[in-house]
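The structure appears right after this line, and notes come after that.
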Amino acid sequence: MEQAFSSEAMNEKNPKWEQCIKRENSLYSRNNGIRSEFERDYTRLLHSQAFSRLKHKTQVFFAPHNDHTCTRMEHVLHVASVSETIAKYMGLNAELTKAIAIGHDIGHAPFGHTGEDILNSLLENDDAKNAPKKFWHERNSLFFADYIETLSDPNEVQKNLDLTYAVRDGLICHCGEIDKQGIRPRDEAMDLYDIKKPGFVEPYTWEGCVVKISDKIAFIGRDIEDARAYHILDMGSYRELRQIVAGTLGFKPKIRSGRAINTTVLMNDMIVDLCEQSSPEKGLCFSDSYFTFIKELKKFCFSNIYNHWRLVEFQKYAETVLGCIYRTLIKTQPYAQSGRIATALRYYPKLKSTFEDWLVKFTNYAPRNESDRKKTLRYETKEVFNVDEWESFQKCIIEYISGMTDSFAISVFEEIIAF
């Protein structure tokens, strides 16, 4: 029902309001501001470098040369569009959903979920195989927002984003991989770094829940469209798609020139079904037929797209690329400790300049004979990593790699192996 959630919207009347607009540090004021707190978060994320790099990060198909293949940035914009549509119809705070949506994937690794798995495996050891994942992109989005991404203040000093609690919460709680009906926000605020697994803690706001479910709506149809463009799907796959639609939604779609599902129609129908079925009492939910349809579509995508042999072959290449960069950098710890990282990486100019800047900005590293470089560059950032401690230095490298685009990672890899 339209405006059914208006009494639950995140605004000054909501008892969670003060917690939701909390920031660790107050933002500067220009004395002519016209934006709300959540609008400021939206633009801070929009102007961040991590968001800019999403245009060259994998959604499903790695380092695509086709300009019309969906990248991580396009996916994020789809989520923002879907969540804003749902929030406006339901009467929720669309500014908050847009802010969460635009930043929800800034912590994604290069090469998509494959890159995420690779970085996590590099952090694991033999006696920790059953431990929670050490690297997962939802948490990394929060980490990048809190500690890595910076913007210049009016005095040209680089400072962290300092987002509101509601947006930060939405970033780490956005995982839409777990199929669940009746999604509703949790009641209590918490230390967000106490969340140890993706998908098991619900967001603190209804708006965060909308982004979580919009993430799922946005990727399913578009992934099928791109797979069709790359001839990943054969006629047997199209017949299977038709059977899924007929068996769960009750009608037989026409197939013309291999087109089994129209992405925009699919997304529209899922949005409409969600809006018609959801209520504050029931939570965010689909009808039984659409919920079954979404689960079957996900199964189809895993069987016919994500595990396709061409993607599996590239996954092996991605493992080689990221593993090589990691192994190259992990050997440089003695040089980092003595301020000589430029010497260690002198034959790899791209890697040298970007990694040394990363160390200056986020660690206790001090380049030899230039200990005040951080001050000179006007970086007012925290010391997140310690180059003298092995685990901290390892984590530093993983985070540095996680920020790379597909194309930059490949170019650095080629730089390392070139003779």
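Quick caveat: nothing in here was measured; it's all calculated off a predicted structure.
Using a 4.0 Å cut-off between charged side-chain N and carboxylate O, E313 and K316 make a salt bridge. Between K295 and D179, none of the side-chain N atoms (NZ, or NE/NH1/NH2) sits under 4.0 Å from a carboxylate O, so this pair counts as no salt bridge. Taking the charged nitrogens against the carboxylate oxygens, R35 and E95 have no contact shorter than 4.0 Å, which rules out a salt bridge. A salt bridge is defined here as a Lys NZ or Arg NE, NH1 or NH2 lying under 4.0 Å from an Asp or Glu carboxylate O, and E18 with K22 fails to meet this definition. Salt bridge E116/R72: absent, no basic N to carboxylate O contact under 4.0 Å.
Although no hydrogens or angles enter the test, the distance criterion places a donor-acceptor pair under 3.5 Å between the side chain of R53 and the main chain of G403.
Under the 6.0 Å distance and 45° angle rule, K98 counts as a cation-pi partner of Y42. A cation-pi arrangement is found for R40 relative to Y28, the charged atom lying closer than 6.0 Å to the ring centre and inside a 45° cone about the ring normal.
Evaluation of the salt bridge (Lys or Arg N to Asp or Glu O under 4.0 Å) rule for E84 yields K88 as partners, not counting sequence neighbours. For D226, the salt bridge (Lys or Arg N to Asp or Glu O under 4.0 Å) partners at least two apart in sequence or on another chain are R222.
Atom CD1 of residue I410 and atom OG1 of residue T320 lie 11.5 Å apart, to the nearest 0.5 angstrom.
Aromatic pair Y400/F355: ring centres closer than 6.0 Å.
Side-chain contact check for T71 and Q59: no donor-acceptor pair (N or O, by modelled atom type) lies under 3.5 Å.
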